[in-house]
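Just below is one structure, and these are the notes that go with it.
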Amino acid sequence: MNILVVDDERDVQTLFEQRFRREIRNGEFRFFFTFSGEEALSCLEKEDSEIVLILSDINMPGMSGLELLQSIRQTHPHSPPVVMMITAYGDEETHAQALELGANDFLTKPLNFGELKDKLKETL
Amino acid sequence: MSTTSFLIAFFFINYVRKAIQSEAKYPELDRLIVSVRYFTLGLFGMQFIFDDLDIFRLVWPAYLAFLVWTSHKREEFEPVRSTSLALLPYVAITLVGELIRMISTDFYHQYDAFFEAGKFFAFIWVFILWLNNRKQEKALEAERLKLEKQEELGRVTEEQRSQLEVLVAERTAELTLQKEELEKALNHLKATQNQLIHAEKMASLGELTAGIAHEIQNPLNFVNNFSEVSVELVEELREESQKPERDVELITDLLSDIEQNLQKIQHHGKRADSIVKGMLQHSRTSSGQKENVDLNAMADEYLRLAYHGLRAKDKTFNAKMVTELDPTLGKVNVLPQDLGRVLLNMLTNAFYAVSEKKRQQPQGYDPTVWIVTQSRPGQVIIRIRDNGTGMPDSVKQKIFQPFFTTKPTGQGTGLGLSLSYDIITKGHGGSLEVVTQEGTCTEFIIRLPR
């Protein structure tokens, strides 16, 4: 399963690679990393068919996670990937807005990787 | 005939009366003098009766001598004493003449002309002395009047002077009171200014808090995550090391991962640390001590703080942040707390401007804030640019004035830019310039000498 992670913090890549080291090693998950909404969109164009799940931070400079979500839902209405939003601000308003824009799930930082792992496996 | 003697006596008495001003000063004496005058008139009349009596001729000189003697006798006649002496030659020559006539009429008649001439000259002497005296008296009188006038003038001047002194004292008291009141007002203003500066600092700190919380949360999450994952890695390493056939490559991988994680933990720990330090520094009163500071790092840090500060208040807000930092900048000697406040203030303004524009025209607008550092010979330039609402000329001219703000009441103190201006110009000897175009962009240019 190809998963795209979008976060402006670059160390997220190292963290995911270590947290999911077993799953990556046995080929269960394959991660792609981009560090902005814009970068994520161009990545999606290239890896279009292969990305089945997107994990995106909301609070990023430039294009925000919500804008990215809106853009994905507009440009890929037929083969919709699963989109999970992650944010440090776990307020109701943002949560509602994310779900309204078509997010499949809403996670708050700090991430509980055990829970995330279960959710990913469930989706798979 | 003794008419001359009579006239002398009569006028002398009148003169004395006038000279000593007896009528006004010594009324009793005056009555006496008036009596003497009548007596003189009587004496004059009597001489017609006793004309043939030779001895009577001696009466006039005796009478005149008596008058002179009297004038020397009493205190009151002091002013006429010297004048009275003028009578003595006349008295003497008349007396001698009459005595000689009594002893030898022939001899007298033989030298009649001498005696008459002597009498005449003595009379002239009296007359001249009297004239001279009168002249002197007139001069004295004039002098006295002048003196009186001067005294009067002096008295008036003195009166005016004392009046003026009273006025001056009154005005001085008034002015002193005003000065004290002004000083009080000034002290009050100074205290208020300090309070306002403190309030402005606290307000900007409030803006910072949300940004800081976010900025600290991120590194803390990494610290937690990397340490948790490292525990897992160590566990895996232990399992692997207990196997009879160890996968050396895996062990090497695990060890290098653990090492990398520890470095990440340290990195993010330091990141949180520097943010907390920055916050403390910001709230602290300026030490007034310049320090060598990495301006690029400071610019980047404050850009993020300002961004997250605004984000925390308005969650829909977003903007692109662009840093163009000159790698040759090196360390710059600045007042870190003060300069930090300036940067925070300008960046907050920049983000505010782009968010306002985004609110007005949500479509097709790409809100962006730039922070640029440049190294130039002898100076360092920091540019803070935004493509926000810009400012009309009327606003641009007032932005550095204290209490000027375009924000709604309660949202800005109006002191940010005025304080920033003081910090850059007075605190650093630099310059602060603004370039703006209404509806398009704003750029603040800070120039610091190095």
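Below, read A as the first sequence line, B as the second, and so on, with proteins coming before strands; counting in each chain starts at 1. Since the model is a prediction, treat every value here as computed from it, not as a measurement.
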Find out whether F113(A) and E228(B) are in side-chain contact, i.e. whether some heavy atom of one side chain is under 4.5 Å from a heavy atom of the other. no

Does D11(A) form a side chain to side chain contact (heavy atoms under 4.5 Å, CB included) with H267(B)? I'd like the steps, not just the answer. CA-CA 11 Å; D11(A) 277 344; H267(B) 167 75; 4.2 Å; yes

Taking distance alone, no hydrogens or angles, what donor-acceptor pairs closer than 3.5 Å link side-chain atoms of residues 353-362 of chain B to residues at least two apart or in another chain?
unit_1  : atom_1 : unit_2  : atom_2 : d
S355(B) : OG     : F351(B) : O      : 3.4
S355(B) : OG     : Y352(B) : O      : 2.9
E356(B) : OE1    : R359(B) : NH2    : 2.8
E356(B) : OE2    : R359(B) : NE     : 3.3
E356(B) : OE2    : R359(B) : NH2    : 3.3
K357(B) : NZ     : N387(B) : O      : 3.3
K357(B) : NZ     : G439(B) : O      : 3.0
K358(B) : NZ     : P362(B) : O      : 3.4

Counting only heavy atoms closer than 4.5 Å, note whether F226(B) contacts chain A via side chain, backbone, both or neither. both

Find the distance between CD (Q18(A)) and NZ (K264(B)) and round it off to the nearest 0.5 Å. 9.5 Å

Contact summary for L15(A) and N225(B), nearest pair of heavy atoms: CD1-CB, 3.2 Å

Ranked by heavy-atom pairs below 4.5 Å to chain B, first place among N59(A), L111(A), V12(A), T87(A) goes to N59(A)

For chain A, which residues of residues 232-245 of chain B have heavy atoms nearer than 4.5 angstrom: E232(B), L233(B), E236(B)

Mark yes when over 12 heavy atoms from residues, nucleotides or ligands other than E100(A) sit less than 6.0 Å from its CD; otherwise mark no. no

Roughly how far, to the nearest 0.5 Å, is the CG atom of N218(B) from the CG atom of D8(A)? 7.5 Å

When you compare the side chains of N318(B) and E67(A), does any donor N or O come within less than 3.5 Å of an acceptor on the partner? no

Per-residue tally against chain B (heavy atom, under 4.5 Å) across E17(A), Q97(A), K109(A) peaks at K109(A)

With rounding to the nearest 0.5 Å, note down the distance linking OG1 in T14(A) to CG in N261(B). 8.0 Å

Determine whether more than 12 heavy atoms belonging to other residues, nucleotides or ligands lie under 6.0 Å from atom CZ of R10(A). no

How long is the gap from CZ on R25(A) to CG on D253(B), to the nearest 0.5 Å? 8.0 Å

Among L250(B), D366(B), N224(B), residue most engaged with chain A (heavy-atom pairs, under 4.5 Å): L250(B)

